[in-house]
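Here is the structure we will look at, set down as structure tokens.
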Amino acid sequence: MSGLGIWNYVIFIFLMMAGLYMMISSSNLIKKIIGLNVFQTSVFFMYISFGYVEGGAGPVLTEGVTLYTNPLPHVLILTAIVVGVATTAVGLALTIRIKESFGSIEEDDLHKMDPSI
Amino acid sequence: MIAAAALAILVAMSLAIVRALLGPTIYDRILAINLFGTKTVMLITLIAAMAGRADYLDIALVYAMINFIGMIAVLKFFEYGSLGHAGSDGQED
Amino acid sequence: MLTHLPVLVVLAPLLAAPVASLMRGAFAPWVVATLVSWFSLVCSLLLLAQVGEQGVIVYNMGGWEAPWGIEYRIDFANALLLVLITGMASVVMPYARLSVRQEIGEERSPMFYAAMLLLILGLCGMTATGDAFNIFVFLEISSLATYTLLAMGKDRRALTSSFSYLVMGTIGGTFYLIGVGFLYVMTGTLNIVDLAERLPALSDSATVRTGFAFIVTGICLKLALFPLHLWLPNAYTFAPSAVTALIGATATKVAVYVLVRMIFTMFGVEFSFVEIPLSYVLVPLAVVGLLSASSVSIMQLNIKRMLAYSSVAQISYIILGIGMGTAMGLTAALLHVFNHGIMKAALFMSLGAVAYRMGGVELKDMNGLAKTMPLTFWAFVIGGLSLIGVPLTVGFVSKWHLILAALELGWWPVVVVILVGSILALIYIGRVVEAGFFKEPADNTRREAPAGLLIPLWILVIANIWLGIDTRLTVDIAEAAAAQLMAGGVVL
Amino acid sequence: MTILDILSGTLLLAGCALGVIGAIGLIRFPDFYTRMHAAGVTDTLCAGLFLGGLAIQFGMTLASAKLLLIFLFMLFTCPTSSHALAKAARHGGLKPWTKAGSDGLDAMGHEGAKSR
Amino acid sequence: MNDHLILRVVGKFLIPYVMLFGLYVQFHGDFGPGGGFQAGAIFACGFVIHTLLFGSRSTEQIVSIGFLRVISALGVLVYAGVGVASLLLGGEFLNYNVLAADPITGQHIGIIVVEFGVGLTVASTITLLLMIFAERGLPS
Amino acid sequence: MMLAHLIDIFLLVFLAVISVALLRIKDLLTAVMIFGIYSLTSASLFMVLAAADVAFTEAAVGAGISIILMLATLAITGREEKIVERKFKLLPLIIVSITGATLLYGIRDLPPFGVASNPAQVHVAPRYIEQSAVETDIPNIVTSVLASYRGFDTLGEVVVIFTAGIGVALLIGRRRRLLTAKEASRHE
């Protein structure tokens, strides 16, 4: 599993970078928000992997089970997922306002309209 | 047995992803995503069975529900162009 | 109740925000917000006094002791920051009433004040907590409130600037999260003091070093260090006046505090400055940022944008102090955090008063202001002098300490840079002062800003001078805080 | 290997076979309606067989009841959404494929041609 | 969605069960996966289905936006209220041990009430978000 | 346990393929739907990693609510990304490469995956696993940590979602319709 474990992390990093790239290079605001979600989700994977214990049961106490996965990352990520959704909602609301007042949600267009943006 | 089942589901999921990416019409994608959703439900039930945990089945139920809601939402978006639209026999605006 | 002070600072806005959001009209939520920020100010002043008497205060949330539960841990550094945040809130809230009525409108006022309270709550929570993940949660509360508040500006560009801050801020927050995750996997704990005990043994680990890099980068995005500052000027320029005053005075300062807490308490001076040569990164960036941002701000025609760039420059001073990695540098940095908060709030508030009367803050709107709005204008002048670092103002105190700290290390070029920065500040403030004194106003009627704006403004101006003359209070606290921070997190 | 095991295995495998066949149909068939035919028709039965197989493994416990609930849910929702989707496609002007070669893609344009 | 009679019938039929399931997740969260947040999201899904099928105007006749805002604030206050109660009873903030004579009972009370607060806020806020977004998309 | 690895590998490949596809898709509606697949897959991955609560939340929130909100936004903004001549942007690529390289450097010294004696598994977490039955008497450890040990974090979480509600209501709340029209005309 050790080899596979490293590959897990490598793929998470790949996902993170795909998300980050989408966030900073996409011109479309909604694509940016999708990228944000991809980026954050891959960070969540990383956290959950940190707490994973091979052969461990999910952290609900059951009789006869002694090996559990670590509950703490789960708690943290529950909170972080909520934060991600909240950010997404506010970002989408901003996108709607931008569309209504500029008529476009393309960063390139916005730049052309007003170079100071 | 379970391994074969898991493999079959995963293969079906991969094929659904291929169709979702290929398109060509938006309906094909919706169909593929719907199929992917139902296969995910099965995958979750399978994982629950592997872990021997009945309470994981709640999650499968949530998946089935979300799958349905997502379907309706996409269809509604596609047919009416807005999610809050009442349709013609609802309270009209 | 005195033992519960650490949580009361945060709890008061937390309880008030939902209540305020449900009220009607503009007056009632304003009263709630103002009273609550005063209450929080009283709490944080008491807290500061308590820290002076008893040393570090530890408060266990939910009664669970530290590494298992979340603890609030108050020492001089965060007590000082809490006073700054709540103090600025207590001044900005009374000021907000008129400008919010003009810029936001009555209908949206309740939620606007709720968002202001949530911002204060988030900033206080970040400051007071002793848990690395809890910082993230409150960081996101304050960020979400900030995105909303920034977008409330009348100019439509407020929306785009808020969106780009949302993207940058989320990247920063997520970088911080990645860093904390790396530290967690190496140590198994999230408590800052606990981490501080465990990290020295792991200082060779590539994972810890990467975690350090991500945490520092993430926070630097939030505090707008030079190459990562691009979100700041637009965000400050287009936001409503009260929001700019509050955010400009506090938000980046809290990010600075978190950076200080991470570098000095969590990783320790040894790790941050010896094993990882952080100075070689922070100091050059700060120097370049200081010079370039000051130069850019000379060219701005919009005064608010000019001050926004000046904020980037002033943050560079703070980072310079931190980058020295000495007790004196840290003292100067903390002093400048506090002092810059006071003077920037005063400057932005006087601009808000100008905008209230003139409808804009372009350079041409400042013409002849000494005649038409003398009180506002003199407030701006005094704030500006403070920004330049003229003796008898707070700006002088912190710059003097910064120069002393640089001299102690023998960094002559840095001293020169600081002085050049002051000269540049003199130029950009000078342009406004010149316009105010010597240009003819477009319309000569005397239209001083209303008292509701002037009184809070002048309170800050007087604080600017008072704390510039009587330096014992702030300097002593900053020195004590720096001593605590340099000793690492294990002081009790 | 009890009789129940064999039964459950048979059901599982049958369900999975259906699932894979449906997915292959999704890839191989020429247009949307035929693909829908492949996927939509197999989907519910596949789920039913599969969940039935698992239910036998769990035995008569709460888990089986939950599996039954999931099955019921899917029994209602899968055909409904297939139906709605087919109707929407028809409504949206997508023409069924015929051997003559006038495939639906032209009538529909390429994807995204119709935007409301 | 007048074309989709079947969808409407099935959807309408499902709504109460979805909400019931939400309540189950809320109160079963102590024993299995689930809790206030998930429950709130699922409960909100009931309203989401309703909005999708019958339009946001008709959902608003069931739960108005003002009402949702009240509930969402109430949830925060319930959560923080537990903390205040524990302060007043002499414990630290959110120390549930002091809520009852027996610490374990106190913990139970605290956790249930707190999860309830979470559920209230999440359910109402998510419904609120959806309704605001949906309303905005309506042709004016 | 090989089976879990099999599922794990498949899901990771799905995620990688989908993320690349997301970068390339031009049609926003498709992008949102493909992102729905991403969410569903990620929730399954959480299940494989034995994080049932997280999978639950990700399924209900990531796959459900986010997607619906995105669709609602698309309904207003229009669904097509403008096809611009693809300017090659070097800076993002450099930033992403540096970040990725740093992360790859960082995972070199990570403790092995899934081993029960890792530092994260032996320091704070054991107390939750061993004592929560005694101290809170709630079988689901995640719930007891969430609501009691780290209850303050959860309070923050509730405030976050409340803030989002306030923010969205302030930004696009209903009664603003008239105001926005005025605003739009002012800028024309």
Side-chain angles (χ1 to χ4, degrees), chain B residues 2-7 9-11 13-14 16-18 20-23 25-26 28-30 32-34 36-37 39-41 43-48 50-51 53 55-78 80-85, chain F residues 1-4 6-11 13-15 17-18 20-22 24-25 27 29-30 32-41 43-50 52-76 78-79 139-140:
Chain B
I2 287 205
L7 194 63
I9 293 172
L10 289 168
V11 168
M13 284 166 97
S14 335
I17 288 189
V18 170
L21 294 181
L22 287 181
T25 64
I26 198 82
D28 289 293
R29 296 182 204 272
I30 305 178
I33 288 168
N34 193 24
F36 188 88
K39 293 294 173 290
T40 318
V41 175
L43 187 67
I44 300 294
T45 50
L46 196 75
I47 293 172
M50 272 160 55
R53 300 289 283 267
D55 37 8
Y56 285 7
L57 293 174
D58 295 352
I59 299 162
L61 200 50
V62 172
Y63 269 74
M65 190 183 86
I66 290 297
N67 200 19
F68 181 60
I69 295 178
M71 260 314 269
I72 312 177
V74 173
L75 279 179
K76 177 106 191 238
F77 172 80
F78 209 70
Y80 295 93
S82 114
L83 294 191
H85 197 282
Chain F
M1 266 295 113
M2 274 318 288
L3 190 51
L6 182 77
I7 301 177
D8 189 55
I9 293 168
F10 261 91
L11 294 179
V13 173
F14 288 174
L15 289 172
V17 170
I18 294 167
V20 173
L22 275 174
R24 303 187 55 86
I25 293 170
D27 182 45
L29 179 59
T30 311
V32 169
M33 282 170 15
I34 302 287
F35 176 66
I37 294 193
Y38 184 89
S39 276
L40 283 175
T41 317
S44 320
L45 189 60
F46 287 133
M47 280 301 292
V48 175
L49 295 172
D53 281 270
V54 182
F56 213 138
T57 317
E58 176 69 28
V61 172
I65 307 303
S66 303
I67 299 295
I68 290 172
L69 289 183
M70 283 180 191
L71 284 175
T73 312
L74 282 189
I76 298 167
R79 53 175 268 219
N140 188 352

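These numbers come from the heavy atoms of this one structure, side chains and all, not from hydrogens, waters or symmetry mates. We name chains A, B, ... by the order of the sequence lines, and we start the count at 1 in each one.
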Rounded to the nearest 0.5 Å, what separates atom [atom1] in [X] from atom [atom2] in [Y]?
X       : Y       : atom1 : atom2 : value
F:Ile18 : B:Leu21 : CD1   : CG    : 7.0 Å
B:Ile72 : F:Ile68 : CD1   : CD1   : 8.5 Å
F:Phe10 : B:Leu43 : CZ    : CG    : 11.0 Å
F:Thr73 : B:Phe77 : OG1   : CZ    : 9.5 Å
B:Leu10 : F:Ile7  : CG    : CD1   : 6.0 Å

Exercise. Any donor and acceptor pair, going by atom type alone, linking the side chain of B:Tyr56 with main-chain N or O of F:Met47 inside 3.5 Å?
Worked result: no
At a heavy-atom separation under 4.5 Å, does [X] approach chain B through its side chain, its backbone, both, or neither?
X       : value
F:Leu11 : side chain
F:Leu74 : both
F:Leu40 : both

Can you say whether [X] sits under 4.5 Å from chain F via the side chain, the backbone, both, or neither, judging by heavy atoms?
X       : result
B:Val74 : both
B:Ile30 : both
B:Met13 : both
B:Ala73 : both
B:Ile47 : side chain
B:Ile2  : both

Exercise. With F:Phe46, which residues qualify under ring pair (Phe, Tyr, Trp, His ring centres under 6.0 Å), at least two apart?
Worked result: A:Phe45
N/O donor-acceptor pairs under 3.5 Å from side chains in residues 56-63 of chain F, not counting sequence neighbours:
from    : atom 1 : to      : atom 2 : distance (Å)
F:Thr57 : OG1    : E:Gln38 : NE2    : 3.1
F:Thr57 : OG1    : F:Asp53 : O      : 2.8

Exercise. With side chains defined as the heavy atoms from C-beta onward, is the minimum distance between B:Ile26 and F:Met33 less than 4.5 Å?
Worked result: yes
